[in-house]
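Below, chain A is the first sequence line, B the second, and so on; all start at residue 1.
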Amino acid sequence: MLLPQPSSHGSLEKTLNRADYRTIEMAVHAFDERAWRLSGEEGIAARVGLSREHLNSLFVQWAGVGLSLFMQGLSVQHIRKKLEEAGELSAFSPLPERRCQVRSLPFGQGKRLGAGLAITYGCYPTPFGDCLLAMTGAREICHLSFVDGEDGLSARAELGQTWPQATIITDNRGCTTLVERIFSPAGTESLQPLRLLVSGTTFQLKVWQALCVLPRGAMISYEGLAASMGHPTACRAVASAVAANPVSYLIPCHRVVRKSGEIHHYRWGSSRKKMMLGWEACVS
DNA sequence: TTGAGTCTTGATG
DNA sequence: CATCAAGACTCAA
């Protein structure tokens, strides 16, 4: 059974269709500081196969700033500065208002996880490509991921593995407005707190919970996050927990980066992570 | 670039 | 249970 297709024209103007997503992803991927110094906008446009003007206007439309400014926000120098400004999560507390309430199901149910749960899911366009959003009958968000390729079967399979015993139903319209708001430049601040449902080890829950205080536009290093939780030497373990985040974006694992200022791994592609962080830096 | 330190997880006996 | 290998890391050679 195929994943439902997102409507090609979201009413949210920042939303990207697949072609534009690929273009921007390619541009972000092509960016590195040495190449930038060497050939600048012209070089990146060439790599993408567009004119400099065309590529630039695409960025303006999507992120509100041109290519140069956007890439500047992703420079190691800029990111390192942000990391130093706020070394630990305590820099962000007291949390303004909890945007996400995370409820957890006991870990260890194993293969019986999700029994009795009715989950509807759909595929929706976002500024970072198509996403798959899943929600329980009680309107708790229990999965949010990004879809690559045409069919999105792997994203659908992952949802099934997360909640093996749940009844999973397709509904491609139900959450259109919600997704628009989640990914709107205004962000979720204006929304009622969103309710999330997740399952993980105690340690993972602690990490995911902690991440929720990170506001948009902010970043923290894996080490800083570890220190925030009283395990200053456990950055490797913390990174594993961050990597297991089942509700992307809302649990903002993309805001955790290397202490060096480099943006490395992301479950849905490091280019997507760069797109998110660059975009958030612009619209925030 | 490489290796060692550090801690959680999941697989294996 | 005990052990082992493998990470979205970091730091020092």
Can you give me the N/O atom pairs linking the protein to nucleotides 2-5 of chain B at distances under 3.5 Å, or say none if there are none?
from, atom 1, to, atom 2, distance (Å)
B/dG5, O6, A/Arg236, NH1, 3.3

Any non-hydrogen side-chain atom of [X] less than 4.5 Å from a side-chain atom of [Y]?
{"X": "A/Arg267", "Y": "A/Glu158", "result": "yes"}
{"X": "A/Tyr266", "Y": "A/His254", "result": "yes"}
{"X": "A/Phe146", "Y": "A/Asp130", "result": "no"}
{"X": "A/Arg255", "Y": "A/Arg216", "result": "yes"}

Rounded to whole Å, please give me the gap between [atom1] in [X] and [atom2] in [N].
{"X": "A/Phe203", "N": "B/dC7", "atom1": "CZ", "atom2": "C1'", "answer": "7 Å"}
{"X": "A/Lys273", "N": "C/dA8", "atom1": "NZ", "atom2": "C1'", "answer": "6 Å"}
{"X": "A/His264", "N": "C/dT10", "atom1": "NE2", "atom2": "C1'", "answer": "13 Å"}
{"X": "A/Glu262", "N": "C/dT10", "atom1": "CD", "atom2": "C1'", "answer": "12 Å"}
{"X": "A/His231", "N": "B/dT6", "atom1": "NE2", "atom2": "C1'", "answer": "12 Å"}
{"X": "A/Arg80", "N": "C/dC9", "atom1": "CZ", "atom2": "P", "answer": "16 Å"}
{"X": "A/Glu223", "N": "C/dA8", "atom1": "CD", "atom2": "C1'", "answer": "15 Å"}
{"X": "A/Arg267", "N": "C/dG7", "atom1": "CZ", "atom2": "P", "answer": "15 Å"}

**Message:** Using a distance-only criterion (donor-acceptor N/O pair, under 3.5 Å, no hydrogens), is the base of C/dA8 paired with the side chain of A/Tyr266?
**Reply:** no
**Request:** Kindly assign one of parallel, tilted or perpendicular to the pair A/Trp62 and A/Phe70, based on the angle between their ring planes and the thresholds 30° and 60°.
**Result:** tilted
Among [options], which nucleotide has an atom closest to any side-chain atom of [X]?
{"X": "A/Ser221", "options": "C/dT10, C/dG7, C/dA8", "result": "C/dT10"}
{"X": "A/Ala237", "options": "B/dT9, C/dA8, B/dT8", "result": "B/dT8"}
{"X": "A/Gln204", "options": "B/dT9, C/dA8, C/dT10", "result": "B/dT9"}

**Request:** Describe the nucleic acid contact of A/Ala234 in one word from base, sugar-phosphate, nothing, applying a heavy-atom distance below 4.0 Å.
**Result:** sugar-phosphate
**Prompt:** Does A/Lys206 make a side-chain N or O approach to OP1 or OP2 of B/dT8 shorter than 4.0 Å?
**Reply:** no
**Prompt:** According to the Watson-Crick and G-U wobble definition with distances under 3.5 Å, which dot-bracket string, read 5' to 3', encodes DNA chain B, using [ ] for crossing pairs and | for pairs with another strand?
**Reply:** |||||.|||||||
**Asked** In terms of hydrophobic clustering (I, L, V, M, F, W, Y; side-chain heavy atoms under 4.5 Å; direct or indirect links), are A/Phe107 and A/Val102 co-clustered?
**Response** no
**Minimum-distance pair of heavy atoms, taken over all atoms of A/Ser270 and A/His264** = CB-O, 2.7 Å
**Message:** Let me confirm one number: the CG-CD1 distance from A/Leu214 to A/Ile251, rounded to the nearest 0.5 Å.
**Reply:** 12.0 Å
**Prompt:** How many angstroms lie between atom NE2 of A/His143 and atom CG of A/Leu196, to the nearest 0.5 angstrom?
**Reply:** 12.5 Å
